Undergrad: 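Sharing a structure with you now.
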Amino acid sequence: QKEVEQNSGPLSVPEGAIASLNCTYSDRGSQSFFWYRQYSGKSPELIMFIYSNGDKEDGRFTAQLNKASQYVSLLIRDSQPSDSATYLCAVNRGYKLSFGAGTTVTVRA
Amino acid sequence: DTGVSQDPRHKITKRGQNVTFRCDPISEHNRLYWYRQTLGQGPEFLTYFQNEAQLEKSRLLSDRFSAERPKGSFSTLEIQRTEQGDSAMYLCASSLLHDGYTFGSGTRLTVV
């Protein structure tokens, strides 16, 4: 079982819609959860992190964490063409981040 | 704060040659990480420094790989006797705490 699993996609959504990305993790001791955005050919960029169960909102992004289900998600509201990218879920325990393979999102204009 | 800098951005080398990459972290960050990313995969952990001490080295790193961080500032990653399987994006990241990393732009290595 992989440490971090994501729906591989690609996920295609119309402009203005909500994009929903899912991630599950295997290590119950994980403490912190991160979402990175990666444009093609570029390095990952941190967009959200969450530590506690529940929702955390930052602009058009909402991260949701359920530690009992070992599940973390990212919602992108009012999707824009500039949101077209690969979204990486990362989980840490201590100093090391384990990444999923990413979900590629395409926002159709 | 000029971000994490990596050099070079791209490197093409012949199989069997040695290559060295450099990373300059954000100045106040004492934690530095190297990751490797291949197409369609997430970054994979290679090694971690806290100040000048290398605290962990992944089993992914063979003896051909070595990393240093002299004086706890910049870091170098050297690959000896490169193989085609070493072709990847090599990412450096730094952090002050374990609250998410800031990645550099990466060094894309192509071994021909």
Side-chain angles (χ1 to χ4, degrees), chain A residues 1-11 21-27 29-52 56 58 61 63 65 72 74 85-105, chain B residues 1 3-10 21 23-26 29-51 53-61 69 88-110:
Chain A
Q1 181 184 11
K2 292 182 179 180
E3 289 185 57
V4 181
E5 298 205 55
Q6 297 182 247
N7 294 337
S8 59
L11 177 64
L21 307 173
N22 304 318
C23 173
T24 58
Y25 60 94
S26 61
D27 186 351
S30 299
Q31 300 292 320
S32 310
F33 307 87
F34 304 86
W35 284 100
Y36 283 82
R37 177 176 61 200
Q38 187 171 28
Y39 293 113
S40 181
K42 303 296 184 182
S43 63
E45 171 192 12
L46 180 66
I47 54 173
M48 290 281 297
F49 61 87
I50 187 167
Y51 302 138
S52 303
K56 179 180 179 181
D58 184 358
F61 298 96
L65 175 61
V72 59
L74 180 70
T86 296
Y87 290 81
L88 298 164
C89 173
V91 172
N92 99 341
R93 189 178 186 190
Y95 53 78
K96 187 164 47 177
L97 285 185
S98 295
F99 286 84
T103 300
T104 298
V105 173
Chain B
D1 180 358
V4 179
S5 299
Q6 291 190 245
D7 184 70
R9 294 289 303 274
H10 303 275
F21 310 142
C23 172
D24 287 89
I26 292 171
H29 287 182
N30 61 345
R31 293 170 170 85
L32 186 147
Y33 317 83
W34 285 98
Y35 277 73
R36 179 173 66 189
Q37 186 176 25
T38 54
L39 195 62
Q41 300 299 314
E44 295 175 297
F45 173 80
L46 294 179
T47 191
Y48 162 61
F49 290 86
Q50 184 167 322
N51 300 311
Q54 187 175 22
L55 297 188
E56 184 174 344
K57 184 176 176 179
S58 167
R59 287 171 292 177
L60 290 175
L61 289 188
R69 192 183 182 196
M89 173 80 87
Y90 289 83
L91 293 163
C92 177
S94 70
S95 70
L96 184 58
L97 299 172
H98 299 314
D99 289 345
Y101 306 162
T102 301
F103 281 95
S105 299
T107 294
R108 183 168 296 282
L109 173 67
T110 302

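Chain letters run A, B, ... following the sequence lines, proteins first and then strands; every chain starts at 1. All of these numbers come straight from a predicted model, not from anything done at the bench.
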Undergrad: Given heavy-atom pairs under 4.5 angstrom as the criterion, report whether the side chain, backbone, both or neither of B:Q6 touches chain A.
TA: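 Neither part, no heavy atoms under 4.5 Å.
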Undergrad: In terms of the angle between their ring planes, are B:F45 and A:Y95 parallel, tilted or perpendicular, with boundaries placed at 30° and 60°?
TA: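 B:F45 vs A:Y95 ring planes: tilted.
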Undergrad: Could you tell me which non-hydrogen atom of A:L88 sits nearest to which non-hydrogen atom of B:G42, and how far apart they are?
TA: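 Smallest interatomic distance, heavy atoms only, reads CD2-CA, 4.1 Å.
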Undergrad: Could you walk me through whether B:Y35 and A:K96 pass the side-chain contact (heavy atoms from CB on, under 4.5 Å) check?
TA: CA-CA 10 Å; B:Y35 277 73; A:K96 187 164 47 177; 4.2 Å; yes
Undergrad: Taking atom OH of B:Y33 and atom CG of A:L97, what is their separation to the nearest 0.5 Å?
TA: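 Answer rounded to 0.5 Å: 7.5 Å.
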Undergrad: Atom CD in B:Q37, atom OG in A:S43: separation rounded to 0.5 Å?
TA: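 These two atoms lie 9.0 Å from each other.
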Undergrad: Please say whether more than 12 non-hydrogen atoms of neighbouring residues, nucleotides or ligands are located less than 6.0 Å from CD in B:E56.
TA: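 Yes.
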Undergrad: Is the shortest side-chain heavy-atom distance between B:Y101 and A:Y36 below 4.5 Å?
TA: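 Side-chain contact under 4.5 Å: yes.
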Undergrad: Just how far is it from atom OG of B:S95 to atom CG of A:L46, taken to the nearest 0.5 Å?
TA: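 Answer rounded to 0.5 Å: 11.0 Å.
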Undergrad: Please flag which part of A:Q38 lies under 4.5 Å from any non-hydrogen atom of chain B: side chain, backbone, both or neither.
TA: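 Answer is side chain: those atoms of A:Q38 sit under 4.5 Å from chain B.
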